[in-house]
Undergrad: 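Questions regarding the structure given below will be posed in turn.
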Protein chains: 2
Amino acid sequence: MATLKQIAKELGLSPATVSRALNGFPEVNIDTRKLVEETAKQLEYRPNKIAQKLVSGRSGMVGMIVRINPRSPFDRTFAEIMLGLSSRLAQHDIDLVFQVASESDPVESYRKMIEKQIVDGFIVNAPVANDPRIAFLTKKGIPFVVHGRASKDAVHPYFDISNNGVTETAVRHLAALGHKRIALLNGEKTAVYAIDREEGFRATVADLGIHVPERMIVNGQPFELYGYEAAKAMLADATPPSAIICVSTVVANGVYRAAGELGISIPRDLSVIAHDDDIPQLRAENFVPPLTVTSAPLQASCGPLAEILITRLGLAQGTPLQQVAEAELIERASTAPVLSRLATPWT
Amino acid sequence: MATLKQIAKELGLSPATVSRALNGFPEVNIDTRKLVEETAKQLEYRPNKIAQKLVSGRSGMVGMIVRINPRSPFDRTFAEIMLGLSSRLAQHDIDLVFQVASESDPVESYRKMIEKQIVDGFIVNAPVANDPRIAFLTKKGIPFVVHGRASKDAVHPYFDISNNGVTETAVRHLAALGHKRIALLNGEKTAVYAIDREEGFRATVADLGIHVPERMIVNGQPFELYGYEAAKAMLADATPPSAIICVSTVVANGVYRAAGELGISIPRDLSVIAHDDDIPQLRAENFVPPLTVTSAPLQASCGPLAEILITRLGLAQGTPLQQVAEAELIERASTAPVLSRLATPWT
DNA sequence: TTTCCTTTTCAAAACGTTTTAAATGGACAG
DNA sequence: CTGTCCATTTAAAACGTTTTGAAAAGGAAA
């Protein structure tokens, strides 16, 4: 593969001139430029990124580190994120370096990657409250963007959906159908999104004057089995919920299975609504009956996420560094007006 | 961050000596070495990877390119691969550069990445027959390893499971239970693994003297819906299968749903067996009834895959560059002796 | 003719390493 | 005293770019 030096030698020019010609600097003679460009094309010249990086100090790569825990709730969704993100970043000629966080210390992997000096910034996902990674990167002054927020008043760059809004929308939808016994199958307690959803849930039911006992607000890793077990427990209660809000479609899947086994009909005896990340494999519209959801496609978050990071890296301008999107209610057949025998509120 | 030069200056040594001291060369005085090492530690020196790469010509990174098609059957499994692979590679201080194949031309992304000269090799997944990527990389002389095989007699480095063996095992298991009407819900026709499974299936049924009509051997993208629809069609046949072999657990999920809707009991009226990549979210043992499978955990393939690539890169020795693993039969409750009314063979 | 621009090109340094070839200094033998 | 060998260290080149400061060439104005 031809180098810049070779082109220079070939044409009897200095590397400096060739470099300038190829990088569109104004001070090079039009004929020289053409000559250089032609020769470069002919010799199939491609600038050596590594060399460029050495002098520019930039690597043109960003890192993404995910937890290795095979039970992590995000290995289902992170594929979606990576697909979208990587293609967006590629448009700016930025590569994505992927790594699994092998250490128990959550910042260790970031530290190592920074020390290697191979990335210019990071995409951080699945933030928890007071996330040490965010504190670390902020202290180090390394650019990053978070998918989600460390807290409602976070000062770092992020893209997030309104998780308070998700549960508020769900509760109001169910309340409008007459439901008074609404349960919440939330995500992991440490995840910021789950905290926000719980907050939105509590605020909205309070606003509507609905009382929800603590046993009807539960947390868990968003898997099918969690939905199944939690729903089974709730539906065995003396006063079971007439509606369940699920953290994700996978969890709703488990709720469906539990209801099926117990002979409880959806939506007649039980309304189910879930938040939908819109992952190709498990489509809410293919549920039987089709699942009502609050929808915020993960893919849609990739564009903004990439833009924000690029802006933060100083490679673009004008993008707000903090963005919040609203989820959309998509009404299908899993929610219906409450049966009168289930319409008595919890005491 | 301290550089090697700075350490040299600090100690009044030449960069060469410092470099040698830090890299464990024998010809440096023991006292000098200690001094250098201490100073390096004290100044928190970390070698600049980019600079090392420039001189060594190696980048210490390998690339993995996946297709962007959101309906691709592999976005479900590639997360698993990447998790395992990345952590294995990290042990050898190799980073994984991830990219989505945005071009319609399958080799275009590889070409670009090679031209940037930022990776030393590739992991290629989901090979198809006569895969152009493999031909391209071979021609270019770029090291790579394939997860799967381009063909049975492939000459490139690969790790694969015996896909002929998968269907052979399944067929023999069912035949031993008396089944004579065995259907195959295979993967996409272009995928090499599906070709091999079909071959193994046909060879084994032929060996056992079982005739299977062409309509009972079907191909499709391994999603739940495919399993559902294909099973519905087959079970509506005048002579429905008494056993179905599924390409994956997800597809088996669809078969279960179809059977449930048709009032067909598993395993009494229908035996179901699937191949299990052992993905955390959909566990065969949680099926109702628990699903009999041929199991070959994807995670288990990551170690060999990484070893092979590292060997191919010349960073290790002794690993065979081509490895084939056998899938294991795990008998659960979804397969049972055939009912006598279903025991008549297809004609 | 000199001075002063303008346009274009160049040599050299820089980025942070590794590696090659050579130098230094001391010990020892002759 | 000279030469050889050894252990250790060094200067310099190399990797492939970009960038800085300067120079060269040519023309116009004084």
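Throughout, protein chains are lettered first and strands after them, A, B, ... in sequence-line order, and every chain is numbered starting at 1.
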Undergrad: According to a strict under-4.0 Å criterion, is B/Ser19 in side-chain N/O contact with OP1 or OP2 of C/dT17?
TA: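 For C/dT17, neither OP1 nor OP2 has a side-chain N or O of B/Ser19 closer than 4.0 Å.
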Undergrad: More than 12 non-hydrogen atoms from neighbouring residues, nucleotides or ligands closer than 6.0 Å to CG on B/Asn29, yes or no?
TA: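 Count over threshold, so yes.
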Undergrad: Between B/Asn23 and C/dT18, is there a side-chain N or O to OP1/OP2 distance below 4.0 Å?
TA: yes
Undergrad: What's B/Thr3 touching, base or sugar-phosphate or nothing? Going by heavy atoms closer than 4.0 Å.
TA: sugar-phosphate
Undergrad: Where does the angle between the aromatic ring planes of B/His156 and B/Phe144 fall among parallel (under 30°), tilted (30 to 60°) and perpendicular (over 60°)?
TA: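 Plane angle between 30° and 60°, so tilted.
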Undergrad: Could you check whether A/Ser56 gets within reach of a base, just the sugar-phosphate, or nothing at all, counting any heavy atom under 4.0 Å?
TA: nothing
Undergrad: Want to settle it: does A/Ala16 or B/Tyr45 sit nearer the 5' end of DNA chain C, counting the closest nucleotide to each?
TA: A/Ala16
Undergrad: Side chains of A/Asp95 and B/Gln99: any donor to acceptor distance under 3.5 Å?
TA: yes
Undergrad: Is there a side-chain polar atom (N or O) of A/Gln52 under 4.0 Å from OP1 or OP2 of D/dT18?
TA: yes
Undergrad: Go nucleotide by nucleotide along DNA chain D from the 5' end; which of A/Pro15 and B/Leu13 gets its closest nucleotide reached first?
TA: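 On the 5' side of the pair lies B/Leu13.
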Undergrad: Is there a side-chain contact between A/Asn29 and the phosphate of C/dT8, meaning an N or O under 4.0 Å from OP1 or OP2?
TA: yes
Undergrad: So which nucleotide from D/dT18, C/dT9, D/dG16 ends up closest to the side chain of A/Leu4?
TA: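 That would be D/dT18.
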Undergrad: If each of A/Glu27 and B/Gly12 is mapped to the nucleotide of DNA chain D with the nearest heavy atom, which maps nearer the 5' terminus, i.e. the 5' end?
TA: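 Result: B/Gly12.
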Undergrad: Looking at A/Thr17, does any N or O in its side chain come under 4.0 Å of the phosphate oxygens OP1/OP2 on C/dT9?
TA: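 So the side-chain polar atoms of A/Thr17 never come under 4.0 Å of the phosphate oxygens OP1 or OP2 of C/dT9.
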Undergrad: Quick one: which of D/dT8, C/dT18, C/dA11 gets closest to the side chain of B/Val55?
TA: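 The answer is C/dT18.
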Undergrad: Look at all strands and tell whether A/Arg46 reaches a base, only sugar-phosphate, or nothing, counting heavy atoms closer than 4.0 Å.
TA: sugar-phosphate
